[in-house]
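Only one structure is covered here, and it is reproduced in the block below.
One-based numbering, in listed order, for ligands and for the atoms of each.
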Amino acid sequence: MLDLYSKIQEALDANHHFTILGHIRPDGDAYGSALALALCLKSMKKNVDIFFQDGINQTYRFLQQSELIQTTPPTPPCDQTTIISVDTSSIDRLGSTFLSWNRIPDINIDHHISNTSFAKTNIIDPQSPATAQLIYEIIVNLSWPINPAIASNLFVGIITDTGSFRFRQTTERTFSIAAALVDAGACPSTLAEHCFHSQPISKFKLQQEAISRAEFYFNNKVACCQITQDMFQRHNALPEHTENILEPIQSIKDVEVAFVIESGVDKLLRCSIRSRGRIDASAIASKLGGGGHPTASGLRIQSTPDRLKNDLLNLLAPFFTPTPNH
Ligand SMILES: [Mn+2]
């Protein structure tokens, strides 16, 4: 890892222009990681752009310097620009506008086990519970200074991707990094308030309807929800409002795997899968062209909601059907 970190320092020493990219349907870790890295580079007087195909969403506008986040422009940056992607498992997840640039990112910083190593330099640590934690390791190893805005953005990446230090890749290291970030100026209660207690009523109502229609299979070990375009319209909800929509279902003792199927305007279905860990959610998603983490994964597919539900139930069935004794 250390010689990979030095590649970033080399790029920094050689270049002045940087473009930082994150994935479509961004989350707190993608935004927090991109902003923290951008603020580090800016503090070293570099010229930095941050592009997300989906721009900045309402939930994360509170992030310090979030106004730096722009929608990916149709024209690529000049050839001398170093392109860094963060928290993104495959190149298509950077969005169609980026793909139309016909460029390969120079550096790929991520923690998804399914990362396809699509950049020239790939810094991937699947042990890290958040890309923000990996960015922190890079910052510390390269002895870059951390200010309160950088610390706050990294803290948001860590609390959102670890479910506030509950998920399995949370380690002693995560807590010590969190302590260092608080020491550097991140305020845990204010950031948690913004991330977890500032949801619009439209998100709640979308979630309420989705949950009320939950279906359970295999003795309540698998739960499935569907979200239709009608539901978005009825509750005036946005695509970003499906983030963490499965949490109440995951709180049920019996449920090992939960998934939500969302019908989009573009005929593509989106599906997120959450697992307690015995079943590898990333492996299940990979069978249908998606990817992610063992406990949280996703996919996009051209299908019908019922067909996708059945495909997933069939992939899950072997884990719940007792094998006959011979
Ligand atoms: Mn992440």
Side-chain angles (χ1 to χ4, degrees), residues 1 20-38 50-54 56-57 59-60 63 66 69 84-95 105 107-119 122-139 150-171 173-175 177-178 181 186 191-192 194-196 240 242-247 250 270 272-275 277 280-282 285-286 290-300:
M1 271 299 182
I20 299 173
L21 300 164
H23 56 81
I24 49 175
R25 294 295 192 104
D27 53 18
D29 190 28
Y31 285 136
S33 297
L35 277 166
L37 183 59
I50 310 176
F51 298 137
F52 279 77
Q53 170 126 0
D54 298 332
I56 177 79
N57 70 34
T59 312
Y60 291 105
L63 289 171
S66 71
I69 295 172
I84 305 177
S85 100
V86 295
D87 197 45
T88 305
S89 56
S90 60
I91 198 162
D92 61 299
R93 301 243 328 132
L94 292 171
I107 300 171
N108 161 14
I109 305 172
D110 187 33
H111 69 130
H112 293 90
I113 196 162
S114 59
N115 193 292
T116 57
S117 297
F118 52 84
N122 300 284
I123 304 175
I124 297 150
D125 181 7
Q127 301 302 319
S128 191
T131 298
Q133 176 165 327
L134 185 50
I135 302 266
Y136 178 86
E137 303 287 14
I138 292 167
I139 291 173
I150 294 168
S152 302
N153 282 307
L154 292 175
F155 196 87
V156 165
I158 290 173
I159 58 172
T160 51
D161 258 28
T162 62
S164 303
F165 308 101
R166 287 172 299 151
F167 301 154
R168 63 168 50 190
Q169 268 152 331
T170 305
T171 61
R173 181 73 186 143
T174 315
F175 283 101
I177 289 172
L181 294 174
L191 296 172
H194 281 298
C195 291
F196 307 119
E240 72 201 56
T242 60
E243 193 178 350
N244 298 328
I245 205 158
L246 288 170
E247 268 200 0
Q250 290 172 272
R270 288 180 174 77
S272 326
I273 307 169
R274 296 291 179 268
S275 168
D280 182 346
S282 177
S286 299
H293 306 287
T295 53
S297 68
L299 61 101
R300 283 172 300 150

Which atom name does [X] have for its N/O/S atom nearest to the Mn ion (ligand 1)?
| X | value |
| --- | --- |
| Asp29 | OD2 |
| Asp87 | OD1 |
| Asp161 | OD2 |

(request) Give the intermediate values and the outcome of side-chain hydrogen bond (donor to acceptor under 3.5 Å, both in side chains) for residues Asn115 and Asn108. (result) CA-CA 9 Å; Asn115 193 292; Asn108 161 14; 2.9 Å; yes
(request) Considering only NZ, NE, NH1 and NH2 on the basic side and carboxylate oxygens on the acidic side, decide whether Arg93 and Asp110 come within less than 4.0 Å. (result)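 No, no charged N to carboxylate O under 4.0 Å.
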(request) Using the six-membered ring wherever Trp is involved, compare the ring planes of Phe52 and Tyr31 and label them parallel, tilted or perpendicular (cut-offs 30° and 60°). (result)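 Tilted, since the angle between the ring planes falls between 30° and 60°.
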I'd like to know if the Mn ion (ligand 1) has an N/O/S atom from [X] within less than 2.8 Å of it, counting both backbone and side-chain atoms.
| X | value |
| --- | --- |
| Asp27 | no |
| His111 | yes |
| Asp110 | no |

(message) Using every non-hydrogen atom in the two residues, find where Pro129 and Thr162 come nearest and quote the distance to one decimal.
(response) CB-CG2, 3.6 Å
(message) Testing Asp29, Ile139, Leu134 one by one against Leu154 for a side chain to side chain contact (heavy atoms under 4.5 Å, CB included), which residue passes?
(response) Ile139
